[in-house]
Amino acid sequence: MTEIEDEYDPDSIEQKWREQWQEMGVYQYRDDEERPDYVIDTPPPYPTGNFHIGNALGWCYMDFAARYHRLRGDDVLFPQGWDCHGLPTEVKVEENHDIHRTDVPREEFRELCIEHTESQIDAMYETMLDLGFSQDWTHEFRTMDPEYWGETQRSFVRMADDGYVYRDDHPVNWCPRCETAIADAEVETDDRTGTLYYLTFSGDSEDQRSSNSRTQSGDSDGIEIATTRPELLAACVGIAVNPDDERYADRIGETFEVPLFGQEVELFADEEVDSTFGTGAVMVCTFGDKQDVTWWAEHDLDLRPVITESGHLTERAGEFEGLGVSEAKEEIAQALAAADVLNDRESTEQSVGICWRCDTPIEILSKDQWFVRVDQAEILETAQEIEWVPEHMYARLEEWAEGMDWDWVISRQRVFATPIPAWFCEDCGHVHTADESALPIDPTETDPDHSCPECGSTNWEGETDVMDTWMDSSITPLYVTDWPESSFESVQLREQGHDIIRTWAFYTILRTTALEDERPWDRALINGMVFGEDGNKMSKSKGNFVEPKEVISEYSADAFRQAIALGGQPGTDIQFQWKEVTSASRFLTKVWNITKFASNHFDADTPSIQDPAYRDADKWILIRCSDVADQVEAHMDAYRFDAALRELREFIWHDLADDYLELLKGRLYEGRPGERDAARHALYTVLSASLRMLSPFAPFLTEEAYQTLPDGTESVHTEMWPSLQTFNADAAQRGRLIVNVASAIRGWKSDTGMALNAELDRIELYVDRDEEQPAIDTYDLSSAVNAPVYIESGRPNVELVPVGIDPDHSVIGPQFRDQAGAVVSALEAADPAELTAQIETNGEISVDVDGDSVALDPDAVDILDEQRAASGEEVDVIELDAATILIYS
RNA sequence: GGGUCCGUGGUCUAGUGGUUUAUGACGCGUCCCUUACAAGGACGAGAUCGGUGGUUCGACUCCGCCCGGACCCA
């Protein structure tokens, strides 16, 4: 129990606890056999040095879940990793040191990358602590550390042994700028306007059919094709048309000569050809796009690669050798025009595959690469075992998986990544993958400790290709659970954005299925994106960019976290709103003031008060708090953080502060010791419970507040979820009545311009209650409204004039079905006074509907009364559901 | 072109197993310094729940179509 500050100062308090929690180790995973595990497969972010608001959304969700599960008594492992490998770091290092990666030895270059990565991690780590995230930093991992990439290699070796990993010469997506293969998932499409060139391939003279050949652009025997990529003419190996295209029906099998380059190509039919595009005849190259690869394989065409790894034309392009793709496009077009075979050019909308890292248009090259076999059925079967939150996110994964037509190419021609643990025998060509016992190993530095099993040679050449970084990050659930020492069981939660379902989620499911035949996680919680206040993607140029740090320094991390939680339900995109931060900040102040008020009335013995003589108001707030705990628990279990926090705010602000505290003041300030004690104990119980329930959302404020309570433990974050004593329902109803009456009188005073503590002569409460039940407790009420309160039974001494009715559709609708409308009309047309009289004399209502007399139960209608004071009385009347209040002032 | 999600007061958001005075926040207006809090309290104005058909006794909620937006894919 500490002295409480007058004002809540988030800057100093958040800083203080940030450090203290680390020293106390409150977030450490205990590896306790007695408690259920709650393990989070935390995303290892790429160390960009900037932990942005989009990251923060996902981490807030994880932190809410982690903190909630600690309160529930789970042994929570919330680790943090870093996905270090990758091209951007290589590029940054090259820039910073003004070198090219080939200027220095591989090992030295790797060291520079590691050094750079570490500084980036530090910056992001600081923001994570600022935001109050509760990772267990003793479980931090970095994919660039040998103990991690050694496991990546182990997974590779095991998958190679099981036939999942193989090496093949197969067309792959290739980024000519990064000069590496990339996977389908790393290719994005960009819609742009390109040029469509119409050009004529001349016919082969031997195949001339002079009489019936149609005229195509002045060349009687040629064929006109349309292409956006004339630079690939040298790679042309065929021409395709749709089999139903009558223009070409009789020409299938004819051969043509490719202009400028002279190779002969044959016209074939394939249903995939869109006959409405261009001339309906399309040239097939090795390779212009994925469709070309399909045709090339299906129609057994030649391979004429013409693009180099750096995106230049090869010697096959003759005089155009060495030109870059875009230069070649223009120069070849000019040459075609000069040769009089370029008939036309027009602009066209096209979708271009681009590298997701650098936006460079990709090429498709055929190279020896390492692949991971993609078994769609197996992956989807596993994915279906996972609970997707929200559910529809599964559809994204399914659609992606079903659309995959190539295996996953995992080799990259880069440096800063996990080495592929393989060697080639220089004498016989045997490919050897490492033994597990040798891992981690860099094959460019170390050879196998044995000779070639095929030929006995010791001339090994280490593989210089490295792995796709998704090979690293797709084993995170395995790594954080100490695979392979511990047998793998699915972890409890994966949290990630929907933008990386096709990558991180997909690959992780693939890998744990392949390696352990197990789903990686029980549940996948998918977050949306964060937009700026104007509803657009945040971008510095649009001026709608907000950084977590900015919000923290202007308000607080606790306010930021709440704004994120309330931005929308998990899975939807969140629009960042400063006003949510403002209102969250006010709520923090409110909670602080409640705590400040309460702690003035607590002493060291408050928590241990025995058998407190609770009054109805106490029982009401305790029951209410217990209900709230149940509801918040249900929301948290369903990962509805928005609903959980809303529920808590309503309760703390309105029930606890506005209603309960106001009712309590009389007893706290002027009550006798026993009366005071009950009030203090109930208040203590409810406040303590509230702070604990709120702690996942506002960890700093709740910690500071919790420390001011008597009997506090080391931290609110090591406490348990509240479990409160309950009382019978009637006590709750009596309490609620008091609350409602007090609130109504407060409103009435305000309406009549009175001070809220104005004294009143007398309050009479007419309550319809069973004589057997305990009487209404007016003690707190009386002091709260500052008037003597009398409970009366029977009819108040006022005239009740029926003025209207309120038909209950939920009763009338199902009962009368298609007559319901007529019944309601009849009721509304009737005189309310007459209906009241019927109820009093007959116990039922009878109305005339289409000439028939219809009987209704009194439940079907509410009679609305208006009170009119008996003449001469100075009285105001307030009608509540459960009571009528007469105010004498 | 395919898939998914979404369209609720000025703004953002909740909601319904079908019948509600449709939630809350911010903003706006009026009143109030009442011994935790004016960074507060009381109250009020402001929404025909994107449009249109249908199913139904009844649709903001279910179904169809249309319009608009977002994301993923081709």
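Values below: all heavy atoms of this structure, side chains included; hydrogens, waters and symmetry mates excluded. Letters A, B, ... are given to chains in the order of the sequence lines, protein chains preceding strands, and every chain is numbered from 1. Remember, it's a predicted structure, so these values are computed and weren't measured experimentally.
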* **side-chain hydrogen bond (donor to acceptor under 3.5 Å, both in side chains) involving D359(A) - partner list, sequence neighbours excluded** => none
Between the protein and nucleotides 14-17 of chain B, which nitrogen or oxygen pairs come in under 3.5 angstrom?
| from | atom 1 | to | atom 2 | distance (Å) |
| --- | --- | --- | --- | --- |
| A14(B) | OP1 | Q569(A) | N | 3.4 |
| A14(B) | O3' | R640(A) | NH2 | 3.4 |
| A14(B) | O2' | R646(A) | NH1 | 3.3 |
| G15(B) | OP1 | R640(A) | NH1 | 3.0 |
| G15(B) | OP1 | R640(A) | NH2 | 2.9 |
| G15(B) | OP2 | Q569(A) | NE2 | 3.2 |

* To do: Can you tell me the distance, in whole Å, between the CZ atom of F641(A) and the P atom of U13(B)?
  => 19 Å
* To do: Inspect the contact between K290(A) and D184(A) and indicate whether a charged nitrogen and a carboxylate oxygen are less than 4.0 angstrom apart.
  => yes
* Output yes when E363(A) and R229(A) qualify as a salt bridge under the 4.0 Å nitrogen-oxygen rule, no when they do not. => yes
* Asked: Does E533(A) or K596(A) map to a spot on RNA chain B nearer the 5' end, using the closest nucleotide for each?
  -> E533(A)
* Structure fact -> Atom NZ of K579(A) and atom C1' of G27(B) are separated, to the nearest Å, by 9 Å
* To do: Just jot down the side chain to side chain contact (heavy atoms under 4.5 Å, CB included) partners of A598(A), sequence neighbours excluded, or say none.
  => F602(A), L683(A), L687(A)
With the criterion being N/O to N/O and under 3.5 Å, what pairs connect the protein with nucleotides 41-43 of chain B, and how long is each?
| from | atom 1 | to | atom 2 | distance (Å) |
| --- | --- | --- | --- | --- |
| G41(B) | OP1 | W653(A) | NE1 | 2.4 |
| A42(B) | O2' | S750(A) | OG | 2.7 |

* Ion pair present between R624(A) and D659(A), side-chain N to carboxylate O less than 4.0 angstrom? -> no
* To do: Using a heavy-atom cut-off of under 4.0 Å over every strand shown, decide if E662(A) touches base, sugar-phosphate, or nothing.
  => base
* In whole angstrom, what separates W388(A)'s CH2 from U4(B)'s P? -> 16 Å
* Taking the inter-plane angle between the rings of F64(A) and F697(A) on a 0 to 90° scale, is it parallel (under 30°), tilted (30 to 60°) or perpendicular (over 60°)? -> tilted
* Asked: Under 6.0 Å from the six-membered ring centre of W388(A) and within 45° of its axis: does the NZ or CZ of R396(A) meet both?
  -> no
* Asked: What class does the angle between the rings of Y507(A) and W408(A) fall in, given that below 30° is parallel, 30 to 60° is tilted and above 60° is perpendicular?
  -> parallel
* Using a 4.0 Å cut-off on protein heavy atoms (strictly under), produce a 5'-to-3' string for nucleotides 68-74 of chain B with B for base contact, S for backbone-only sugar-phosphate contact, and - for none. => --SBBS-
* Would you kindly give the CD1-to-P distance between I501(A) and G3(B), to the nearest whole Å? => 17 Å
* To do: Measure from CG on L701(A) to P on A39(B) and round the result to the nearest Å.
  => 18 Å
* Return the value, rounded to whole Å, for the distance between atom CE of M393(A) and atom P of U4(B). => 13 Å
* Should the pair H681(A) and Y684(A) be assigned to parallel (<30°), tilted (30 to 60°) or perpendicular (>60°) ring geometry? -> tilted
* **Phosphate OP1/OP2 of C37(B) contacted by R586(A) side-chain N/O (<4.0 Å)** => no
* **L661(A) CG - U34(B) C1' separation (whole Å)** => 14 Å
* **First of I594(A) and E650(A) reached from the 5' end of RNA chain B, by closest nucleotide** => E650(A)
* **P-based separation of A39(B) from C33(B) [nearest Å]** => 16 Å
* Over how many whole Å does the gap from W578(A) atom CH2 to A25(B) atom C1' extend? -> 17 Å
* Asked: S583(A) near the nucleic acid: base, sugar-phosphate alone, or nothing, with a heavy-atom cut-off under 4.0 Å?
  -> sugar-phosphate
* Asked: When rounded to the nearest Å, what value does the distance between P atoms of U21(B) and A45(B) take?
  -> 16 Å
* **A25(B) versus G3(B) - spacing of their C1' atoms, nearest Å** => 34 Å
* **Runs of at least three consecutive pairs that involve RNA chain B, where pairs are Watson-Crick or G-U with distances under 3.5 Å** => B:1-7 with B:67-73, B:10-12 with B:24-26, B:28-32 with B:40-44, B:50-54 with B:62-66
* Which class fits the ring pair W592(A) and Y8(A): parallel under 30°, tilted 30 to 60°, perpendicular over 60°? -> tilted
